[in-house]
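Worksheet for the structure shown next.
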Amino acid sequence: MSKHQLDYLDELEAEAIYILREVAGQFERPALLFSGGKDSITLVRLAEKAFRPGKFPFPLVHIDTGHNFVETIEYRDAMVKRLGEKLIIGHVQDSIDQGKVVEQKGEKKKKKKKKKT
């Protein structure tokens with residue numbers, strides 16, 4: 001990798017850290033969505049760089065769809081334990097069971113076709 005590419009990546013990292021700090025400073029109840037995938041793992045790493053050695057000023061939030069790989073959940077739990085951060089888990093099935101979310105059936109379930117222009 002060239003020096004220019006590294007400098008550009010450093011700039012992007014610094015901007016991301018700045019944004020995380022600004023959000024934490026300007027909003028009352030920020031949270032960081034965390035699926036356990038590569039993108040959210042990257043955001044957690046940026047949050048570490050932004051706020052360590054202190055705690056994150058927001059919780060991690062995982063919306064459990066019930067369609068996760070076991071390894072993803074195990075990794076999520078191990079990462080949160082290692083970090084010592086707060087994790088809030090919401091379960092889609094709980095919302096369905098409580099009537100907060102209604103599963104679409106039949107024709108409504110199908111995605112609408114986009115019109116060509």
Side-chain angles (χ1 to χ4, degrees):
M1 223 181 236
S2 73
K3 175 81 171 124
H4 174 74
Q5 286 177 314
L6 286 177
D7 289 343
Y8 182 63
L9 290 176
D10 289 338
E11 285 180 39
L12 290 175
E13 179 182 78
E15 186 174 355
I17 289 169
Y18 173 80
I19 290 168
L20 285 170
R21 289 176 177 161
E22 284 293 303
V23 167
Q26 292 186 24
F27 292 92
E28 289 181 30
R29 296 177 55 202
L32 182 62
L33 288 175
F34 182 70
S35 67
K38 67 185 182 322
D39 297 331
S40 60
I41 290 169
T42 300
L43 284 173
V44 168
R45 181 64 183 128
L46 288 167
E48 284 184 280
K49 290 182 175 195
F51 301 109
R52 290 293 188 240
K55 302 283 278 176
F56 295 173
F58 44 70
L60 302 175
V61 177
H62 180 220
I63 307 302
D64 186 351
T65 62
H67 300 282
N68 301 299
F69 292 109
V70 173
E71 296 84 359
T72 301
I73 300 301
E74 289 171 352
Y75 182 82
R76 175 203 71 191
D77 293 344
M79 180 180 232
V80 169
K81 183 177 180 181
R82 177 183 62 81
L83 293 171
E85 295 294 341
K86 180 178 181 182
L87 173 66
I88 299 170
I89 303 171
H91 300 275
V92 173
Q93 189 61 51
D94 290 348
S95 295
I96 292 169
D97 294 346
Q98 295 166 9
K100 294 178 182 176
V101 175
V102 179
E103 290 183 278
Q104 292 184 343
K105 296 186 172 143
E107 290 298 315
K108 291 180 182 178
K109 190 173 184 176
K110 295 180 183 174
K111 293 183 180 179
K112 294 179 182 178
K113 291 184 180 179
K114 293 182 181 179
K115 292 182 181 178
K116 293 182 182 178
T117 55

Would you list the atom pairs, donor with acceptor, under 3.5 Å between side chains in residues 23-34 and any protein atom, with sequence neighbours excluded?
| from | atom 1 | to | atom 2 | distance (Å) |
| --- | --- | --- | --- | --- |
| Gln26 | NE2 | Glu22 | OE1 | 2.5 |

Original post:
Got a sec, which residues hit side-chain contact (heavy atoms from CB on, under 4.5 Å) with Thr65, two or more places apart in sequence or on another chain?
Top reply: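 Thr65: side-chain contact (heavy atoms from CB on, under 4.5 Å) contacts with His67, Asn68, Val92.
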**OP:** Just jot down the side-chain contact (heavy atoms from CB on, under 4.5 Å) partners of Arg82, sequence neighbours excluded, or say none.
**Re:** Glu48, Met79
Original post:
Considering all heavy atoms of both residues, which atom of Ile41 and which atom of Gly36 are nearest to each other, and what is their separation?
Top reply: CD1-O, 3.3 Å
Original post:
Which heavy-atom pair separates Arg21 from Lys49 by the least distance, and what is that distance?
Top reply: NH2-O, 3.7 Å
Quick one: [atom1] on [X] to [atom2] on [Y], what's the gap to the nearest 0.5 Å?
| X | Y | atom1 | atom2 | answer |
| --- | --- | --- | --- | --- |
| Ser35 | Asp64 | OG | CG | 11.5 Å |
| Lys38 | Leu43 | NZ | CG | 11.5 Å |
| Ile88 | Ile63 | CD1 | CD1 | 9.0 Å |
| Leu9 | Asp7 | CG | CG | 9.0 Å |
| Leu46 | Leu20 | CG | CG | 6.5 Å |

Original post:
Does a side-chain heavy-atom distance below 4.5 Å link Glu15 with Ile19?
Top reply: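 Side-chain contact under 4.5 Å: yes.
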Subject >> Residue list, ring pair (Phe, Tyr, Trp, His ring centres under 6.0 Å) with Phe51, at least two apart or on another chain >> reply: Phe58
Original post:
Among pairs that include at least one residue of residues 83-99, which meet salt bridge (charged side-chain N to carboxylate O under 4.0 Å, His left out), considering only residues two or more places apart or in two chains?
Top reply: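 Found Arg52-Glu85.
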**OP:** Could you list all the salt bridge (charged side-chain N to carboxylate O under 4.0 Å, His left out) pairs where at least one residue sits in residues 65-78, not counting sequence neighbours?
**Re:**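 Salt bridge (charged side-chain N to carboxylate O under 4.0 Å, His left out) check on residues 65-78 returns no pairs.
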**OP:** Can you sort out the partners of Lys100 under side-chain hydrogen bond (donor to acceptor under 3.5 Å, both in side chains), two or more places apart, ordered by chain and number?
**Re:** Gln98
**OP:** Sequence neighbours left out, what passes side-chain hydrogen bond (donor to acceptor under 3.5 Å, both in side chains) with Thr42? Give chain and number order.
**Re:**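 None.
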**OP:** Give a yes or no on whether Val44 and Ile73 share a hydrophobic cluster (residues Ile, Leu, Val, Met, Phe, Trp, Tyr; joining criterion: side-chain heavy atoms under 4.5 Å apart).
**Re:**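 No.
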Subject >> Single-linkage hydrophobic cluster, 4.5 Å side-chain cutoff, Leu83 and Leu87 together >> reply: yes
Original post:
Given a cutoff of under 4.5 Å between side-chain heavy atoms of I, L, V, M, F, W and Y, with clusters grown through shared members, what are the other residues clustered with Val70?
Top reply: none
